[in-house]
Amino acid sequence: MSAEKRTQGRVIVLSGPSGAGKTTLHDLLLKAPEFRRSIVRSISATTRAARGKEKHGREYLFFSKKMFEHKIRSGQFLEWANVFGNYYGTPLKNVRDILRSGKNVLLCIDVQGGQEVKKKIPQALLIFVKTPSLKELQERLIRRGTDAKESVALRLKTAAKELTKAKHYQHVLVNDTLTRAYGELEAILKKELPSLSRR
Ligand code: ADP
Ligand code: 5GP
């Protein structure tokens, strides 16, 4: 073939209960030399307040409820959901731009959002992350220290429901030890994204 055909990237979704380890795995992935240039993170929008050193445009796009609802109405999200009382959503334009550049886009979103992406983009790669048990999830949420007691209880209750959706994902990744789980994630991506080995 004389002209090289530009391949369109793929949408990769990491979802699962709060505290399962999505952010931890996502951060490792984006730092890894073999993925750094080929996988780009989607920056979500949210109506929750920024925590600590979080900056608009870096961790999230922090919008008012009014602005977020306007963007829902004008179709600016690939998916959006109400998660623990706040809106969260994936801006569509950003995802399109990344895919058009030939890169893969990584979405770290809740289970409702994962289901929505599956409906809209059947060829997306969906990975469900979970802990070995709910007891372990509870311990990790407590150790993380970002949620009050009631918030941990709500997350656990929600997690029990979310776990029933794991069967709709192509891969279920048990985040037991971080090294093993990350190794499995790496293997899934290398198998599912053959374009990685050509870079
Ligand atoms: P999520 O993004 O899914 O809400 P986090 O990545 O914040 O979850 O992980 C929840 C907590 O568990 C964090 O404190 C993180 O450091 C810790 N953690 C993540 N993976 C492991 C693991 N394999 N073993 C023990 N602790 C872990
Ligand atoms: P946090 O407020 O702790 O950063 O995130 C709370 C939850 O919202 C996490 O489960 C996270 O994965 C989810 N989340 C973050 N961004 C999005 C998004 O764009 N869409 C959806 N549906 N969930 C999101």
Side-chain angles (χ1 to χ4, degrees), residues 5-18 20 22-23 25-27 29-30 35-51 54-129 151 154-155 158-159 161-173 185 188-189 192-193 195-196:
K5 189 174 172 286
R6 180 158 222 161
T7 45
Q8 165 114 350
R10 194 154 175 209
V11 173
I12 308 161
V13 174
L14 272 191
S15 68
S18 172
K22 302 180 294 292
T23 311
L25 288 164
H26 159 278
D27 290 351
L29 199 61
L30 294 175
F35 301 124
R36 218 170 23 210
R37 266 170 296 150
S38 51
I39 300 181
V40 179
R41 176 171 85 99
S42 152
I43 299 178
S44 292
T46 182
T47 56
R48 82 149 162 78
R51 293 183 197 130
E54 286 180 341
K55 232 172 97 181
H56 179 81
R58 192 176 60 192
E59 283 79 13
Y60 281 105
L61 297 162
F62 294 100
F63 291 148
S64 66
K65 193 164 175 246
K66 195 171 163 206
M67 169 73 91
F68 200 104
E69 287 173 344
H70 162 73
K71 287 179 183 286
I72 292 175
R73 283 193 301 275
S74 52
Q76 294 186 46
F77 291 116
L78 167 61
E79 63 72 36
W80 63 271
N82 190 316
V83 187
F84 306 122
N86 283 299
Y87 286 131
Y88 290 81
T90 304
L92 183 59
K93 183 177 181 302
N94 188 28
V95 169
R96 276 202 185 125
D97 290 348
I98 296 168
L99 293 177
R100 281 189 186 137
S101 75
K103 298 194 176 187
N104 303 288
V105 59
L106 178 63
L107 276 52
C108 200
I109 61 181
D110 91 314
V111 175
Q112 305 169 76
Q115 304 263 99
E116 195 57 32
V117 171
K118 189 182 174 182
K119 258 191 257 157
K120 291 194 175 155
I121 311 179
Q123 66 276 27
L125 171 59
L126 279 106
I127 304 169
F128 191 96
V129 183
S151 173
L154 175 61
R155 278 157 210 263
T158 308
K161 279 188 234 145
E162 290 172 327
L163 287 170
T164 66
K165 309 286 185 203
K167 57 180 180 288
H168 303 302
Y169 286 66
Q170 278 130 296
H171 298 274
V172 178
L173 183 62
L185 177 60
I188 292 171
L189 295 175
E192 298 272 4
L193 307 170
S195 61
L196 288 178

J.: Look up atom CD in Gln115 and atom CG in Asp110, then write down how far apart they are to the nearest 0.5 Å.
T.: 9.5 Å
J.: Report the distance from atom CD1 of Ile39 to atom CD1 of Ile12, rounding to the nearest 0.5 Å.
T.: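 It comes to 4.0 Å.
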J.: What's the separation between atom SG in Cys108 and atom CD1 in Ile43, rounded to the nearest 0.5 Å?
T.: 12.5 Å
J.: Calculate, to the nearest 0.5 Å, the distance between atoms CG and CG belonging to Asn104 and Leu125 respectively.
T.: 9.0 Å
J.: Residues two or more places apart in sequence or in another chain: which of them pass side chain to side chain donor-acceptor pair (under 3.5 Å) with Lys118?
T.: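 Per chain and number, Lys118 pairs via side chain to side chain donor-acceptor pair (under 3.5 Å) with no residue.
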J.: So, do Asn86 and Asn82 sit near enough that their side-chain heavy atoms are less than 4.5 Å apart?
T.: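 No, too far: nothing below the 4.5 Å cut-off.
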J.: Specify the closest pair of heavy atoms between Pro91 and Leu61, including all atoms of both residues, with the distance to one decimal.
T.: CG-CD1, 3.9 Å
J.: Tyr60: which residues meet the ring pair (Phe, Tyr, Trp, His ring centres under 6.0 Å) condition with it, sequence neighbours left out?
T.: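 If we apply the ring pair (Phe, Tyr, Trp, His ring centres under 6.0 Å) test to Tyr60, skipping adjacent residues, the hits are Phe62, Tyr88.
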J.: Do Glu69 and Trp80 have side chains that get closer than 4.5 Å, going by heavy atoms?
T.: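 Glu69 does not reach Trp80 side chain to side chain.
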J.: Between Leu14 and Leu107, is there a side-chain heavy-atom distance shorter than 4.5 Å?
T.: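 Heavy-atom side-chain distance check fails, nothing below 4.5 Å.
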J.: Does the side chain of Tyr169 come within less than 4.5 Å of Val111's, by heavy atoms?
T.: yes
J.: Decide yes or no for Ser18 and Arg155: does some side-chain heavy atom of the first lie under 4.5 Å from some side-chain heavy atom of the second?
T.: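 Answer yes - side chains close enough.
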J.: Please assess Leu185 against Ile127 for the test side-chain contact (heavy atoms from CB on, under 4.5 Å), listing each intermediate value before the final yes or no.
T.: CA-CA 9 Å; Leu185 177 60; Ile127 304 169; 3.7 Å; yes
J.: What residues form a side chain to side chain donor-acceptor pair (under 3.5 Å) with Ser64, not counting sequence neighbours?
T.: none
J.: Does Glu54 have any salt bridge (charged side-chain N to carboxylate O under 4.0 Å, His left out) partners at least two apart in sequence or in another chain, and if so, which?
T.: Arg48
J.: At their closest point, which heavy atom of Ser15 faces which heavy atom of Gly114, and how far apart are they?
T.: OG-CA, 4.3 Å
J.: Give the minimum heavy-atom separation between Ile98 and Ser101, together with the two atoms involved.
T.: O-OG, 2.7 Å
J.: Using salt bridge (charged side-chain N to carboxylate O under 4.0 Å, His left out) as the criterion, list what pairs up with Lys93, not counting sequence neighbours.
T.: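 If we apply the salt bridge (charged side-chain N to carboxylate O under 4.0 Å, His left out) test to Lys93, skipping adjacent residues, the hits are Asp97.
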J.: Got a donor-acceptor contact below 3.5 angstrom from the Arg100 side chain to the Gln8 backbone?
T.: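 No; zero donor-acceptor contacts below 3.5 Å.
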J.: With side chains defined as the heavy atoms from C-beta onward, is the minimum distance between His168 and Leu126 less than 4.5 Å?
T.: no
J.: Could you tell me which residues satisfy salt bridge (charged side-chain N to carboxylate O under 4.0 Å, His left out) with Lys167, sequence neighbours excluded, listed by chain and number?
T.: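 If we apply the salt bridge (charged side-chain N to carboxylate O under 4.0 Å, His left out) test to Lys167, skipping adjacent residues, there are no hits.
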J.: Taking side-chain contact (heavy atoms from CB on, under 4.5 Å) as the criterion, tell me which of Thr90, Ile109, Val105 meets it with Val13.
T.: Ile109
J.: For Leu92, enumerate each residue passing the side-chain contact (heavy atoms from CB on, under 4.5 Å) test, keeping only those at least two apart in sequence or located in another chain.
T.: Leu78, Arg96
J.: Output all residues satisfying side chain to side chain donor-acceptor pair (under 3.5 Å) with His171, sequence neighbours left out; order by chain, then residue number.
T.: Glu192
J.: Is any side-chain heavy atom of Leu29 closer than 4.5 Å to a side-chain heavy atom of Leu189?
T.: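 Yes - at least one pair of side-chain heavy atoms lies under 4.5 Å apart.
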J.: What is the minimum heavy-atom distance between Glu79 and Ala81, and which atoms define it?
T.: OE1-N, 4.2 Å
J.: State, to 0.1 Å, how close Asn94 and Ser42 come at their nearest heavy-atom pair, and which atoms those are.
T.: ND2-CA, 4.0 Å
J.: Return the NZ to NE2 distance between Lys65 and His70, rounded to the nearest 0.5 Å.
T.: 15.5 Å
J.: Going from NZ on Lys22 to CG on Leu173, what distance comes out if it is rounded to the nearest 0.5 angstrom?
T.: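 If I round to the nearest 0.5 Å, the distance is 12.0 Å.
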J.: What pairs with Lys66 under salt bridge (charged side-chain N to carboxylate O under 4.0 Å, His left out), at least two apart in sequence or on another chain?
T.: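 Lys66: no salt bridge (charged side-chain N to carboxylate O under 4.0 Å, His left out) contacts found.
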J.: Using side chain to side chain donor-acceptor pair (under 3.5 Å) as the criterion, list what pairs up with Gln170, not counting sequence neighbours.
T.: none
J.: List in chain and number order the residues that pass ring pair (Phe, Tyr, Trp, His ring centres under 6.0 Å) with Phe68, two or more places apart in sequence or in another chain; answer none if no residue qualifies.
T.: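 Result, ring pair (Phe, Tyr, Trp, His ring centres under 6.0 Å) vs Phe68: Phe77, Tyr87.
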J.: Taking side-chain contact (heavy atoms from CB on, under 4.5 Å) as the test, write out the residues that go with Thr158, two or more places apart.
T.: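 So Thr158 forms a side-chain contact (heavy atoms from CB on, under 4.5 Å) with Phe84, Leu154, Glu162.
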